[in-house]
Number of protein chains: 2
Amino acid sequence: MANEHLQEAVNTLKNTKVRMTPQRHAILEYLYETMNHPTADDIYKALESKFPNMSVATVYNNLRVFKNVGIVKELTYGDSSSRFDCVTTDHYHIICSDCGKIVDFHYPGLDEVETLAEQVTGFQVHNHRMEIYGSCQDCKVAAH
Amino acid sequence: MANEHLQEAVNTLKNTKVRMTPQRHAILEYLYETMNHPTADDIYKALESKFPNMSVATVYNNLRVFKNVGIVKELTYGDSSSRFDCVTTDHYHIICSDCGKIVDFHYPGLDEVETLAEQVTGFQVHNHRMEIYGSCQDCKVAAH
DNA sequence: TTATTACATGATAATTCTTATAAATAATTC
DNA sequence: GAATTATTTATAAGAATTATCATGTAATAA
């Protein structure tokens, strides 16, 4: 299941003439297997045992490459470091304000918002971003 | 007009027992008069002439205080520093991917998205964030 | 009003996240 | 397989933000 998407991503990279390296493959693999919205550091630490010599810069470099090709999205929140999400289908995120957990939330794209925004502001709209914040079930319980 | 909101904000601070200081007032005043989504550094520089001795830390500290009280929102984007927006009425932002301009965009709150998210994920939803990205009129033209 | 207390400021250092640089290495092309 | 080009690694540099702490200032109580 995850492997199919991974394979797709590898193919996309081949078509755009990005070289496949062991590090690159491992980062992709991690992203597609955990589906966990990790930070660059999460990835770095997770692959430490497999690639003891890998540099943090490599993680950042490759995440940027993946982003440019369009197979990975960067999510930025105020307080901490960026998180990275492999793009499979369109979905939004709901984030726990207490523990930081990120859960996928599927919802039809807000196309009508985009069209209205175009009309009102005169922008040419490319895309939008939405996140929902709240307390997850665990943290709701813990609050008592 | 802006002054009314400013006054409201000052009152809110009084009620929550946050002390009023000249620096604090100046930062608030700047936020409510420009309505410009400035960065911390923008504010720091704008008040340099009035408060030559003010520290950057003071700007950051107070923005955090305002955020905690709820009169200011922090907007974070991937590449650069946070921007701060005084909370007046509900509105969204449309951001130019080329020049970074931020324009307010009024749209009814997406309450139905919040309710659905609650049902699907079991979260207790507090709020959400949405931004629209595109090319502003100036940059659309410049692209030719 | 004065003394006391608690919070705010300012200067600077420290931290964190991310990017740049340059030499070494690995992958592709011919 | 040699030449070319991209990638990795290690490290330094950079930018944004936060921590520290001595000093100053506002609120509170006597």
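Please read all numbers here as calculations on a predicted model, not as lab measurements. Residue numbers begin at 1 in each chain, while the letters A, B, ... track the order of the sequences.
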Need one value for [X]: base, sugar-phosphate or nothing, where a base atom within 4.0 Å counts as base even if backbone is also close, heavy atoms only.
| X | value |
| --- | --- |
| B:Thr39 | nothing |
| A:Asn62 | sugar-phosphate |
| A:Thr58 | base |

Between atom [atom1] in [X] and atom [atom2] in [N], what is the gap in whole Å?
| X | N | atom1 | atom2 | result |
| --- | --- | --- | --- | --- |
| A:Glu48 | D:dT8 | CD | P | 17 Å |
| B:Met20 | D:dT25 | CE | P | 18 Å |
| B:Phe51 | D:dT25 | CZ | P | 13 Å |
| A:Leu13 | C:dA27 | CG | C1' | 15 Å |
| B:Tyr44 | C:dT9 | OH | C1' | 13 Å |
| B:Asn53 | D:dT23 | CG | C1' | 13 Å |
| A:Leu75 | C:dT18 | CG | P | 12 Å |
| A:Phe66 | D:dT7 | CZ | C1' | 12 Å |

Counting only side-chain nitrogens and oxygens, does [X] get under 4.0 Å of the OP1 or OP2 atom of [N]?
| X | N | result |
| --- | --- | --- |
| B:Asn61 | D:dA19 | no |
| B:Gln23 | C:dG10 | yes |
| B:Thr21 | C:dT9 | yes |
| B:Ser82 | D:dA16 | no |
| A:Arg24 | C:dA27 | no |
| A:Arg64 | D:dT7 | no |
| B:Tyr60 | D:dT18 | no |

(request) Assign each of B:Met54 and B:Arg19 to its nearest nucleotide of DNA chain C by heavy atoms, then name whichever residue's nucleotide is nearer the 5' end. (result) B:Arg19
(message) Please determine whether residues B:Val18 and B:Phe66 belong to a single hydrophobic cluster, defined as Ile, Leu, Val, Met, Phe, Trp and Tyr linked transitively by side-chain heavy-atom distances below 4.5 Å.
(response) yes
(request) Identify which nucleotide among C:dT9, C:dA20, C:dA11 has an atom closest to any side-chain atom of B:Ser55, counting heavy atoms from C-beta outward. (result) C:dA11
(request) With the side chain of A:Ala57 defined as its heavy atoms from C-beta on, choose the nearest nucleotide among D:dT11, C:dA11, C:dT18. (result)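 Among the listed nucleotides, the one closest to the side chain of A:Ala57 is D:dT11.
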(message) Looking only at side-chain N and O atoms, does A:His37 offer a donor or acceptor that is under 3.5 Å from a partner on A:Asp104?
(response) yes
(request) Determine whether the side chains of B:Thr39 and B:Asp42 contain a donor N or O and an acceptor N or O closer than 3.5 Å. (result)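 Short answer, yes.
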(message) I'd like to know if the side chain of A:Arg24 and the backbone of A:Arg19 have a donor-acceptor N/O pair within less than 3.5 Å.
(response) yes
(message) Quick check: closest heavy atoms across A:Arg129 and B:Thr76, and the distance to 0.1 Å?
(response)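 Heavy atoms only, the tightest pair is NH1-O, 3.8 Å.
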(request) Identify the heavy atoms of B:His93 and B:Leu75 that sit nearest to each other, and give their distance. (result)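 Shortest heavy-atom contact: CE1-CD1, 3.6 Å.
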(request) Could you let me know what C:dT25 is paired to, Watson-Crick or G-U wobble, both distances under 3.5 Å, or none if it's on its own? (result) D:dA6
